[in-house]
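Before any comments, here is the structure.
Small disclaimer: the values here were computed from a predicted structure and weren't measured.
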Amino acid sequence: MSAIARALREAAQALEAISDTPRLDAELLLAHALGINRETLLLDPPDIDVPRSFSALVARRAAGEPVAYITGRRGFWTIELEVAPGVLIPRPDSETLIAAAVEHFDGTAGPERILDLGTGSGALLLAALDQWPDASGIGIDRSQAALDQARGNAAQLGLAARADFSIGDWARGITERFDLILCNPPYVATGAELGPGVAAYEPAEALLAGEDGLADLARLAPVVGGLLTPLGFAAIEIGFDQDKSAASLFEKQGLSVAIAHDLGGRPRALLIPGFISG
């Protein structure tokens with residue numbers, strides 16, 4: 001067994017107690033230590049000694065620190081983003097919103113104007129702009145640290161000319177209408193159990209939303225319809241057990257709501273077309 005294979009096996013074993021994906025975590029950390037990508041590590045592993053820094057990276061992960069904060073990188077949809085402490089790490093569940101938008105606009109020229117509410121690292125907006133090269137958009141966030149990171153990601157991806165970022169409190173003060181609205185609001189109930197390392201490392205303000213997890217969704221419900229063009233589309237992320245409770249908030253505003261499911265088959269997003277039902 002090569003030194004690389006042995007190091008991966010031992011690291012994965014050390015991470016079993018903290019991670020649902022210990023082998024993947026080990027691969028990402030070792031690739032980072034070697035200065036290569038994971039694909040190269042797996043398909044053409046270098047015949048060299050394992051860097052001394054690798055054990056320290058594994059120890060940080062074993063203590064609960066998220067892999068993305070350790071490596072400073074996170075893949076999302078078709079793009080790769082820089083991430084850092086203080087800004088929520090993009091998750092695969094959020095790709096459900098992009099997938100739903102792609103399906104909605106299939107056979108069309110796609111959206112021209114996109115609004116990302118609670119943009120964080122810019123993941124949703126930048127993934128959408130990468131998907132639709134003729135689109136432009138705005139990302140709104142209450143966190144200056146998040147906006148700084150989003151702007152940096154836009155520049156790195158060559159999307160800065162099409163992406164504006166502004167500090168704000170959800171949609172307050174916005175009068176423009178958009179073809180696509182994307183939003184991953186806080187939706188975790190205060191006191192709910194979070195995954196290992198999440199509470200200790202990720203920003204609570206990007207996760208928690210009151211006793212029932214619906215506080216921010218309740219604020220969004222009255223304004224989303226007025227921000228959509230007649231043929232527009234909104235995709236809003238929710239918790240897997242919030243499909244009925246969250247949908248009712250928007251239906252009470254006269255909006256038509258469908259549910260999109262993530263790859264695990266769980267409810268993950270509210271889908272709202274740009275027209276008033278009834």
Side-chain angles (χ1 to χ4, degrees), residues 64-98 101 113-131 135-174 176 178 180-188 190 194-195 197-210 213 215-217 219-220 223-224 227 234-239 268-269:
E65 187 173 354
V67 171
Y69 287 162
I70 298 172
T71 65
R73 310 289 297 177
R74 179 73 165 201
F76 183 82
W77 196 245
T78 57
I79 60 177
E80 187 167 278
L81 301 159
E82 291 187 357
V83 294
V87 180
L88 190 70
I89 298 169
R91 288 162 165 77
D93 286 343
S94 298
E95 294 181 353
T96 305
L97 280 65
I98 302 294
R113 290 289 286 162
I114 302 169
L115 174 64
D116 180 8
L117 293 170
T119 193
S121 64
L124 288 169
L125 176 59
L126 298 176
L129 294 180
D130 188 66
Q131 182 73 36
S136 63
I138 303 172
I140 305 293
D141 206 286
R142 289 175 287 193
S143 166
Q144 188 60 54
L147 293 174
D148 290 343
Q149 195 166 111
R151 290 189 183 102
N153 280 322
Q156 182 183 30
L157 293 166
L159 298 171
R162 296 193 283 130
D164 292 321
F165 296 96
S166 180
I167 200 156
D169 185 15
W170 292 127
R172 182 176 296 176
I174 298 176
E176 182 181 353
F178 297 85
L180 174 61
I181 297 175
L182 301 166
C183 181
N184 178 16
Y187 56 74
V188 178
T190 303
L194 300 171
V198 175
Y201 289 94
E202 298 197 61
E205 62 271 20
L207 293 163
L208 305 179
D216 288 285
L217 288 162
R219 293 185 60 201
L220 289 165
V223 299
V224 165
L227 295 171
I236 302 172
E237 188 165 336
I238 58 171
R268 187 55 61 190

Under the side-chain contact (heavy atoms from CB on, under 4.5 Å) test against C183, which residue among D216, L97, L220, L217 passes?
L220
Is any side-chain heavy atom of Q149 closer than 4.5 Å to a side-chain heavy atom of L81?
no
Which pair of non-hydrogen atoms, one from I167 and one from Q144, has the smallest distance, and what is that distance?
CD1-OE1, 3.8 Å
Considering non-hydrogen atoms only, spot the tightest contact between G137 and L125 and give its length.
CA-CD1, 3.9 Å
Could you give the distance from CG (N184) to CD1 (I238), rounded to the nearest 0.5 Å?
11.0 Å
For the residue pair Y187 and G239, what are the closest heavy atoms and their distance?
CD1-N, 3.3 Å
Is a salt bridge present between R142 and E205, judged by a nitrogen-to-oxygen distance below 4.0 Å?
no
Please report the closest heavy-atom contact between N153 and E82, naming both atoms and the distance.
OD1-N, 2.7 Å
When rounded to the nearest 0.5 angstrom, what is the spacing between CG in D164 and CG in L115?
11.5 Å
Minimum heavy-atom separation for G120 to A150, with atom names?
O-CB, 3.5 Å
Full working for side chain to side chain contact (heavy atoms under 4.5 Å, CB included) between V83 and V87:
CA-CA 7 Å; V83 294; V87 180; over 6 Å; no
What distance do I89 atom CD1 and Y201 atom OH have between them, rounded to the nearest 0.5 Å?
11.0 Å
Are I140 and S166 packed together at the side-chain level, in the sense that at least one heavy-atom pair is separated by less than 4.5 angstrom?
yes
Looking at every heavy atom in both P203 and Y69, which two are closest together, and how far apart are they?
CD-OH, 3.8 Å
Taking E202 for its side chain and L88 for its backbone only, find out whether a donor-acceptor pair lies under 3.5 Å.
no
Residue of the set I114, I79, L124 for which side-chain contact (heavy atoms from CB on, under 4.5 Å) holds with L129
I114
NZ/NE/NH1/NH2 to OD/OE distance under 4.0 Å, E237 and R91:
no
List the steps and the verdict of side chain to side chain contact (heavy atoms under 4.5 Å, CB included) for D141 and D116.
CA-CA 9 Å; D141 206 286; D116 180 8; over 6 Å; no
Which one of L227, I138, V223 satisfies the side-chain contact (heavy atoms from CB on, under 4.5 Å) criterion with I174?
L227
Interatomic distance, L182 atom CG to S94 atom OG [nearest 0.5 angstrom]:
10.0 Å
When you measure from the side chain of R268 to the backbone of D93, do you find a donor-acceptor pair of N or O atoms at a distance under 3.5 Å?
no
To the nearest 0.5 Å, how far apart are CG in D130 and CZ in R162?
8.0 Å
Point-to-point distance, once rounded to the nearest 0.5 Å, from CZ of F76 to CD1 of I98
5.5 Å
